[in-house]
Amino acid sequence: MIVTRFAPSPTGYLHVGGARTALFNWLLARKSGGKFLLRIEDTDMKRNAATAADQVLKDLKWLGIDWDEGPDIGGPNGPYHQSERRDIYDKYIQQLIDEQKAYYCFDTSEELTTLREKAEAEKRHNLYPRPAVFPTEADAEKARAEGRPVTVRFAVPRAETIVIEDEVRGQVRIEPSELSDFIIQKSDGFPTYHMAVVIDDELMGVTHVIRGQEHLMNTPNHQLLQKALGFRTPKYAHMSVTVSDSGGKLSKRERPKALVAAIKAMPDVDVQALATAGGISAEELELFLSGKSVPDMPVIDAIAKAVGVHLPEVNVVDFFKSGYLPETMVNFLAILGWNPGDGREIMTIEELIAAFDLSRVSKSNSLFDRSKLMSFNTEHIKMVPPETLVSHLRDYLEEICSPVAGADDAMLKRIIKMNDGARTLEQIEQKTRFAFIANDAMTYDDKAVKKVLLKGNGLEMLELVGKELAALPELTPESIETLLRGLAEEKQVGLGKVAQPLRVAICGNTVSPPIFDAVDMLGLDNTLKRIERTLNEFQQITD
RNA sequence: GGUCCCAUCGUCUAGUCGGGCCUAGGACACCGGGUUUUCAACCCGGCAACAGGGGUUCGAAUCCCCUUGGGACUACCA
């Protein structure tokens, strides 16, 4: 049976690169009827954030990726937090030391830095100088007593060429003479990633490791460790990196970077106001702007909102908040560096599972193309079953605290129907919120007012429309249509001349659902009030 | 610098393993036109690529070599 896993370190929100790795592992497991496990790699005590692991689970669930064993549901091979597996790792580390396959080291980090700099200056590979005779347990005790850091290094066997049989890259050969003795246990007693991953994958029965290309050069170390411990070597597949359209690897740093750039491009910046918006002090904001520190994501989001800039999405939640569907994300991430081979691109999750195949994973890096993502989202909004879309829209509206969240399911269904052809849930929300805010809370878009109301006889037309609407015996989308069309014909103008002033009067801008629906949704009373308010507000300007 | 990986339209890619079916196909973006009460959506059309140089071969996008370009790694991070 195929067993795959996703093993994030809980350092923050799940970003799209991680989501893609998780997805490929998940697809392979689901396709083959195997198992997919989740493991939290929290051996770095300095970097762990308590809530971050929960957020990653939440993001995976939103995407529809589920797991058969994991930290929240347990399983036969737990615990699934590496921090809770110390005794297991200790046992194997001791075994390697006893067998003279690993040895104690007592270097300080300063000494290691010196070693590294020396190698760099001499333009050679930084190989750790292995002692001829390994220190004993007594030596380690003594070092500990003296307060020196004690680590354990793996003595890399310098024998035959290491061959990685990679499912996507084919055979990759590495000479062991290039490999330095690497640390398997840190001075705080925790294993390093290399040690923990090898032990856990063995004990958890993992058969296929799909991970990012950045791990390719770690694989010889892992294979050597497996051999030394008498473990199996799972099948490996190293996926290409996803690069950003702003250049370089798609990384979490992109959002803060974009925000700093946007703020610096502003002519005058009220630092205090922005700091308040983000909930931090002006000093903290200054540090951020000068590149000396990076605040947490909620702070970044809040400031971006205050500034009014759209930051590039990189975390899974960012896409949620921008109105993308999980179905879109899964489809797009799957198609990034993989294809079913028959020309299909827009696919449901079920279709992806059925078609997935490691042999069709691409070797070259791919760029995260946001406009293609947008197009995928448009397609999925059309494809998804209506009930699913209603539930996605509700989740979205609640997440962004939209006034539209007050609508019931029937209303949401109607909103969706009116917004046929929308590209994102965000667009739907923006086009619909006019009907869910108080009449006097509505704001007018300057350009729209100038173009539609102040130029030509827009206000005159609006006044006329208002009078006719007030006299309408029954308000339905049909009756409004009849009225407006009749009016346009009577005045010998296009429907736009009649509809646009009305649109600006009730929505404040030129973007709205079809005007007949918009009026019907707002109701006659509110429509007339907004027309009156608009006339009052702008009539004197034209005089 | 060293080790390793990669290289087809602007972008994602099909075709590469098992050379001829490739005057290189699709999708997104872009441009032009149509439809239209706004924004979208939708329909029709168009632009556009085998990184360069050597080989091998009757024949190369496909096999080999070199160059160039891009990327990953080079931590007591994972």
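Every chain is numbered from 1, with letters handed out A, B, ... down the list of sequences. Because only heavy atoms are used, hydrogens play no part in the values below, and waters and symmetry mates are left out as well, while side chains stay in.
Considering only side-chain atoms of Ser9(A), the nucleotide from C76(B), A78(B), U3(B) that sits closest is A78(B). Residue His125(A) has its side chain nearest to G2(B) when only G2(B), A78(B), G71(B) are considered. Here the side chain of Val172(A) is nearest to one of C4(B), C6(B), U3(B), namely C4(B).
Atom name C1', nucleotides A78(B) and U16(B): the rounded distance is 35 Å, in whole Å. Distance noted for atom C1' between C17(B) and G33(B): 44 Å (whole Å). For the P atoms, the distance linking U3(B) with A75(B) amounts to 16 Å, nearest Å. Atom C1' of A48(B) sits at a distance of 15 Å from the matching atom of C12(B), rounded to the whole Å. Taking atom C1' on both nucleotides, C31(B) is separated from U67(B) by 37 Å, rounded to a whole Å. Between A24(B) and A49(B), the two C1' atoms lie 9 Å apart (nearest whole Å). Rounded to the nearest Å, the gap between the P atom of G2(B) and that of C9(B) is 29 Å. Distance check on atom C1': G46(B) versus G10(B) gives 16 Å, rounded to whole Å.
Heavy atoms of Ser364(A) sit under 4.0 angstrom from primed sugar atoms or phosphate atoms, though from no base atom. His238(A) comes within 4.0 angstrom of no nucleic acid atom, judged by non-hydrogen atoms across all strands. As judged by a 4.0 angstrom heavy-atom cut-off over every strand, Asp420(A) is placed among the base-contacting residues. At the heavy-atom level, Arg370(A) lies nowhere under 4.0 Å from the strands shown. Among the protein residues, Leu484(A) comes within range of no part of the nucleic acid, since none of its heavy atoms lies under 4.0 Å from any strand. Note on Gly212(A): nothing from the nucleic acid sits closer than 4.0 angstrom, heavy atoms only. When heavy atoms are screened at a 4.0 angstrom cut-off, Asp342(A) is found touching no nucleic acid atom at all.
Per the geometry, CG belonging to Leu367(A) stands 13 Å off P belonging to C9(B), to the nearest Å. Nucleotide C42(B) holds its P atom 15 Å from the CG atom of Asn419(A), rounded to whole Å. In this entry the distance linking CG of Asn365(A) with C1' of U11(B) reads 14 Å, nearest Å. What separates NZ of Lys118(A) from C1' of G1(B) is a distance of 17 Å, to the nearest Å. Rounded to an integer number of Å, the gap from CH2 of Trp338(A) to P of G26(B) is 20 Å. To the nearest angstrom, P of U16(B) lies 19 Å from CZ of Arg169(A). Computed from coordinates, the Met347(A) CE to C12(B) P distance equals 20 Å when rounded to whole Å. For the pair Glu117(A) CD and A75(B) C1', the interatomic distance rounds to 13 Å; values are reported in whole Å.
More than 12 heavy atoms of other residues, nucleotides or ligands sit less than 6.0 Å from atom NZ of Lys186(A). By the neighbour-count criterion of 12 heavy atoms within 6.0 Å, atom NZ of Lys252(A) is densely surrounded, having more than that number from other residues, nucleotides or ligands. The 12-atom threshold is not exceeded at CZ of Arg253(A), counting heavy atoms of other residues, nucleotides or ligands nearer than 6.0 Å.
Using modelled atom types and a 3.5 Å distance limit, the side chains of Thr233(A) and Gln226(A) yield a donor-acceptor pair.
Distances shorter than 4.0 Å separate none of the side-chain N or O atoms of Lys186(A) from OP1 or OP2 on A75(B). OP1 or OP2 of A14(B) sits under 4.0 Å from a side-chain N or O of Asn339(A). For A72(B), the OP1/OP2 oxygens have no side-chain nitrogen or oxygen of Arg211(A) closer than 4.0 Å. Look at Lys417(A) and you won't find any side-chain N or O under 4.0 angstrom from OP1 or OP2 of A41(B). Put simply, Thr43(A) has a side-chain N or O that comes within less than 4.0 Å of OP1 or OP2 on A78(B). Look at Lys382(A) and you'll find a side-chain N or O under 4.0 angstrom from OP1 or OP2 of C42(B).
Between Thr432(A) and the options Gln427(A), Met521(A), Arg414(A), a side chain to side chain contact (heavy atoms under 4.5 Å, CB included) holds for only Met521(A). Each of Leu203(A), Leu225(A), Ile97(A), Ile184(A) was evaluated against Tyr92(A); a single residue qualifies, Leu203(A), per the side chain to side chain contact (heavy atoms under 4.5 Å, CB included) test. Paired with Ile416(A) under the rule side chain to side chain contact (heavy atoms under 4.5 Å, CB included), one option of Leu393(A), Ile381(A), Leu425(A) passes, and it is Leu393(A).
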## Note on the structure
Once base and sugar-phosphate atoms are separated, protein heavy atoms under 4.0 Å mark nucleotides 27-39 of chain B, 5' to 3', with B, S and - as BSS-------BBB
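Across all strands shown, the partner of G1(B) is U74(B), judged by Watson-Crick or G-U wobble contacts whose two distances both fall under 3.5 Å. In a base pair of the Watson-Crick type (N1 to N3 plus N6-O4 or O6-N4) or a G-U wobble (N1-O2 and O6-N3), with each distance short of 3.5 Å, C17(B) is matched with no nucleotide. Applying the Watson-Crick and G-U wobble criteria (two distances, each under 3.5 Å), G46(B) pairs with C30(B). When both pairing distances are held under 3.5 Å, G69(B) makes a Watson-Crick or G-U pair with C6(B). Under the Watson-Crick and G-U wobble criteria, each requiring two contacts below 3.5 Å, nucleotide A61(B) is left unpaired.
Remark on RNA chain B: of its neighbouring residues Thr108(A) and Glu214(A), the 5'-side contact belongs to Glu214(A), judged by nearest-heavy-atom nucleotide. Between Gly421(A) and Leu336(A), the one whose closest nucleotide on RNA chain B sits nearer the 5' end is Leu336(A).
Between the side chain of Thr4(A) and the backbone N or O of Asn25(A), at least one donor-acceptor pair lies under 3.5 Å.
With a 6.0 Å cutoff to the six-membered ring centre and a 45° limit on the axis angle, Arg370(A) does not count as a cation-pi contact of Phe368(A).
Taking the six-membered ring where tryptophan is involved, the planes of Phe332(A) and Phe376(A) are perpendicular, since the angle between them exceeds 60° and thus also 30°.
Within the structure, salt bridge (charged side-chain N to carboxylate O under 4.0 Å, His left out) contacts touching residues 479-492 of chain A (residues at least two apart or in different chains) are Glu481(A)-Arg485(A).
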